[in-house]
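Before any comments, here is the structure.
Sequence lines set the chain letters: A, B, ... in the order given, protein chains first and strands last, and positions in each chain run from 1.
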Amino acid sequence: MVTKVLCVAEKPSIAKAVANHLAGGQVQTRNVQGNPYVKNYEFSYNFPTWGQCSVTMTSVLGHLTSHEFDPQYKSWRSCDPSALFEARIDTIVEDDKKPVAENIKRQAAYNKVLYIWTDCDREGENIGTEIRSVATQGNQSFRQPGNTVRARFSNIERAHIINAARSPVQLDEAQSNAVSARIELDLRIGASFTRNLTMSLQPMLQQRSGEDRSQVISYGSCQFPTLGFVVERYIRVRNFVPETLWGIKVMHEKDRIKVNFNWARGHLFDRMAVIILFERCLTAKTARVTKVQTKPTSKWKPLPLTTVELQKCGSRFLRLDSQRVMQVAEQLYQKGWISYPRTETDQFDRGMDLRALVQKQTQGGPWTQFAQDLMNGGFSQPRSGRNNDKAHPPIHPVNFVVPASLSQEEQRVHEFVVRRFLACCSQDARGSKTEISILYGSEIFNTSGLVVLEQNYLDVYPYDKWTSSQDLPDFREGEVFEPTEARMNEGQTSPPGYLTEPELIALMDANGIGTDATMAEHIAKIKDRDYVQTRPRARQQRQQGEEEEYEPAEAAEPDAGAGRGRGRGRARARGGRGGGAGRGGGATTGVQEFIPTTLGVALVEGYENMGFETSLTKPFLRKEMELRMKAICEGRKTKAEVVHESIEQYRDVYIRTQQRLDSLRAVTGTLVGTPGQNGILVSGTE
DNA sequence: GCAAGGTC
């Protein structure tokens, strides 16, 4: 008698891959009525645990169930928003998931073992328990521990999958409970604060703007900190006070080459001190070469590609915002050209056959020759980063596609993924760096030169720039010369720029705001809510010695009235009459910068003016949530305890918000609707 | 009309 096993994966692609690995060719594929993506794969397999089995492998599409308030709370006017802190929450299957749930229920009736193949992360454990609960409706016996198991796997290589099939483990209830807690808290707090903010502030907004569109003012544990980052930078720009600074410039011409030496101190904010040091230079008359050192140097090839990195590079190099990059990457994934685009992993599994993947890229495209060279001995194992989500490999091309068959945007993203992958499999660029130091008076000045000897990965990865500098003349240690030119210069510190999209993504990543799959959505959300606006950043004045930025091939878009360039936020001496910011001159870089609207600033300042110890706009609350989830995972706390203590914390903020809503109204009243500024607060320094 | 997280 064969045992019947029902396997359920988190997504159709995993179901298909696992079925093919286990079945060894003998697979019967059946459609599932009502859903075009989910398939049932039938085959037989000999599990060590149960012997020869008849297996049905299917999948869900992410979370199977949703959570909503009891219908009596559906209308916004049905209750005080704070009632949502304790309102009953129903677990339901949305209409579009019903065919998926029905399929599992029906299959469950015929099967003896439920084998869960969701991703091995917290959400995966939770989706696993959702699957078990739906399956149990069709077959009570899955309630018994031995009848429901899960697979432990971190990639879909054949050997790895077969090993996972041979050693089933239990679902991790604690991890699943941690996710349940997060779901409940996000729903209760998000819905109550959103209703309260919207109903309290909307009348004023409409009155001011004269519009009657129903604008939602939402609160979410991710969208608010995201807004907070944008506002914080904006305030820093607005409050920036330039400081005057002084430096010493030394130039010497030798062998018809002009060499600029940089003062080791950079600059000082004390004019008299610089005058004294400068005069010592002039008194000394001659400078002496104290160091001439030439040594090999290299520029490291990039790390394997994660989602966060893809989004940052998309903003920087491809002229696509993070949400668009993800949409395009998703399309490329579904068409089978690239691997799963949502991954935190920046290390390739040792067992992966990377050469086979490189080989596929020798079939065409502008990188053909480079890929061929890698196959002819240039291949080098990619570097390993520090992150591994144990669910997905780094993003890489999985097949060859003729670029012309893709849309324009798809081509850009695909080309980036391929070039990044080939760069990872190539070698670091190598060069030779010469450093020269001189002692002039009491002061040290340095200069350096670079000769790029081997481009290596740079040949396929134009997004990185590393170019040879002008040749340095021949200096000898101990050599004495009288500098051609020495002068004191005055400059000013320049303000930081507004937050750019790659910076925002980096901040969210570092502070655990959102996941690789959702960060772009949170950014899109605060734009959609009219909390922030974006505009192309004006091109920066290039500083001498600064690395060149990669510029997209397309012509720059016209400047959307931005007008002014911005400094980079680092103190830097500039020549001339202390002209602070560079002049954009109408040209823009590809990168977008974020500026909060009056509404966005009002929300953040309104909450901050209330002076709570728990700040809704700072990332700490989300970090706290992360710690509490971890406590549940490690069995130090129960879900009920965490939900209770978090709700009480937010209830406190809610009550005090209510009491101080006047403060919020007052600030909003002064800021919203500043005439003629299209909702953008202009910097106070302008 | 509300959140954030999966996935298509």
Side-chain angles (χ1 to χ4, degrees), chain A residues 9-16 32 35-39 59-69 73-79 81-85 87 89 94 96-97 99-100 118-119 121-131 175-176 178-200 202 213-226 307 326-327 329-336 340-342 389 391-392 508 512-526 528-529 616 621-622 625-626 629 646 650:
Chain A
E10 185 165 323
K11 41 190 167 262
S13 59
I14 296 287
K16 186 176 183 180
V32 170
N35 189 293
Y37 309 109
V38 174
K39 305 263 187 268
S59 74
V60 289
L61 297 148
H63 282 288
L64 189 54
T65 56
S66 306
H67 304 83
E68 57 181 35
F69 292 110
Y73 300 97
K74 194 162 190 259
S75 157
W76 282 36
R77 305 264 167 207
S78 67
C79 63
S82 65
L84 301 179
F85 286 135
I89 292 174
E94 296 276 3
D96 62 336
K97 295 289 177 66
V100 183
T118 48
D119 289 354
D121 51 24
R122 272 194 317 228
E123 296 293 332
E125 296 305 321
N126 186 263
I127 292 168
T129 62
E130 290 179 352
I131 293 167
Q175 287 196 52
S176 172
V179 171
S180 296
R182 191 221 77 225
I183 290 171
E184 181 174 343
L185 288 170
D186 280 337
L187 176 60
R188 290 192 188 284
I189 297 159
S192 57
F193 275 77
T194 298
R195 286 188 188 185
N196 193 30
L197 278 173
T198 304
M199 291 194 289
S200 304
Q202 198 184 62
R213 86 195 149 108
S214 49
Q215 187 182 3
V216 171
I217 303 168
S218 58
Y219 169 80
S221 60
C222 288
Q223 50 179 276
F224 246 55
T226 304
T307 304
M326 287 311 290
Q327 284 164 354
E330 177 69 30
Q331 289 161 17
L332 291 168
Y333 161 67
Q334 283 184 38
K335 291 180 185 171
Y340 195 65
R342 290 178 280 274
D389 62 18
H392 305 284
M508 294 173 74
I513 305 300
T515 67
D516 46 13
T518 61
M519 282 191 298
E521 288 173 33
H522 300 312
I523 295 173
K525 177 85 76 185
I526 62 172
D528 188 53
R529 290 277 185 258
L616 296 185
L621 270 183
R622 184 72 214 185
M625 167 95 87
E626 199 56 43
M629 284 171 75
S646 303
Y650 278 91

Of the listed nucleotides [options], the one nearest the side chain of [X]:
X: A:Val216; options: B:dT7, B:dG5, B:dG1; result: B:dG1
X: A:Asp186; options: B:dG1, B:dA4, B:dG5; result: B:dA4
X: A:His522; options: B:dA4, B:dG6, B:dC2; result: B:dA4
X: A:Leu187; options: B:dA3, B:dG6, B:dC2; result: B:dA3
X: A:Thr198; options: B:dG6, B:dG1, B:dC2; result: B:dG1
X: A:Cys222; options: B:dT7, B:dG5, B:dC2; result: B:dG5
X: A:Gln223; options: B:dA3, B:dG5, B:dC2; result: B:dA3

When you check the phosphate oxygens OP1 and OP2 of [N], does a side-chain N or O of [X] lie under 4.0 Å from one of them?
X: A:Ser218; N: B:dA3; value: yes
X: A:Ser221; N: B:dA3; value: no
X: A:Arg342; N: B:dT7; value: yes
X: A:Tyr73; N: B:dC2; value: no
X: A:Lys525; N: B:dA3; value: yes
X: A:Arg529; N: B:dC2; value: yes
X: A:Thr118; N: B:dG6; value: no

query: Under 4.0 Å between a Lys/Arg side-chain N and an Asp/Glu carboxylate O for A:Arg182 and A:Glu123?
result: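 Looking at A:Glu123 together with A:Arg182, the answer is yes, because their closest N to O distance falls below 4.0 Å.
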
- request: Return the set of residues passing ring-ring contact (aromatic ring centres under 6.0 Å, His included) with A:His63 (not counting sequence neighbours), or none when no residue passes.
  value: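 Applying ring-ring contact (aromatic ring centres under 6.0 Å, His included) to A:His63 gives none.
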
Can you tell me how far [atom2] of [N] sits from [atom1] of [X], to the nearest Å?
X: A:Ile127; N: B:dT7; atom1: CD1; atom2: C1'; result: 8 Å
X: A:Lys11; N: B:dT7; atom1: NZ; atom2: P; result: 4 Å
X: A:Leu84; N: B:dA3; atom1: CG; atom2: P; result: 13 Å
X: A:Ile183; N: B:dG5; atom1: CD1; atom2: C1'; result: 7 Å
X: A:Tyr650; N: B:dA3; atom1: OH; atom2: P; result: 14 Å
X: A:Glu10; N: B:dG5; atom1: CD; atom2: P; result: 14 Å
X: A:Asp528; N: B:dC2; atom1: CG; atom2: P; result: 9 Å
X: A:Ile526; N: B:dA4; atom1: CD1; atom2: P; result: 11 Å

Counting any heavy atom closer than 4.0 Å, what does [X] reach on the DNA or RNA strands: base, sugar-phosphate only, or nothing?
X: A:Phe193; answer: nothing
X: A:Arg622; answer: sugar-phosphate
X: A:Tyr333; answer: sugar-phosphate
X: A:Arg188; answer: nothing
X: A:Pro36; answer: nothing
X: A:Gly514; answer: sugar-phosphate
X: A:Asp119; answer: sugar-phosphate

Residue list, side-chain contact (heavy atoms from CB on, under 4.5 Å) with A:Leu187, at least two apart or on another chain: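 Checked A:Leu187 against side-chain contact (heavy atoms from CB on, under 4.5 Å); matches are A:His67, A:Phe69, A:Ile89.
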
field: Side-chain donor-acceptor contact under 3.5 Å, A:Ser218 with A:Arg529
entry: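 The criterion, which ignores hydrogens and geometry beyond distance, is satisfied for A:Arg529 and A:Ser218.
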
- prompt: Okay, side chain of A:Thr118, backbone of A:Glu10: is any donor-acceptor separation there less than 3.5 Å?
  reply: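 No: the side chain of A:Thr118 does not pair with the backbone of A:Glu10.
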
message: Looking at A:Ser192 and A:Ile189, would you say the former's side chain and the latter's main chain have a donor-acceptor pair under 3.5 Å?
response: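 Flag set: sc A:Ser192 to bb A:Ile189 pair under 3.5 Å.
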
message: Quick check with a 6.0 Å cut-off and a 45 degree axis cone: is A:Lys11 positioned over the face of A:Tyr37's six-membered ring?
response: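 No, A:Lys11 does not sit over the ring of A:Tyr37.
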
task: Name the residue closer to the 5' end of DNA chain B, choosing between A:Ser13 and A:Trp76 according to the nucleotide with the nearest heavy atom.
output: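 Nearest-nucleotide comparison on DNA chain B picks A:Trp76.
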
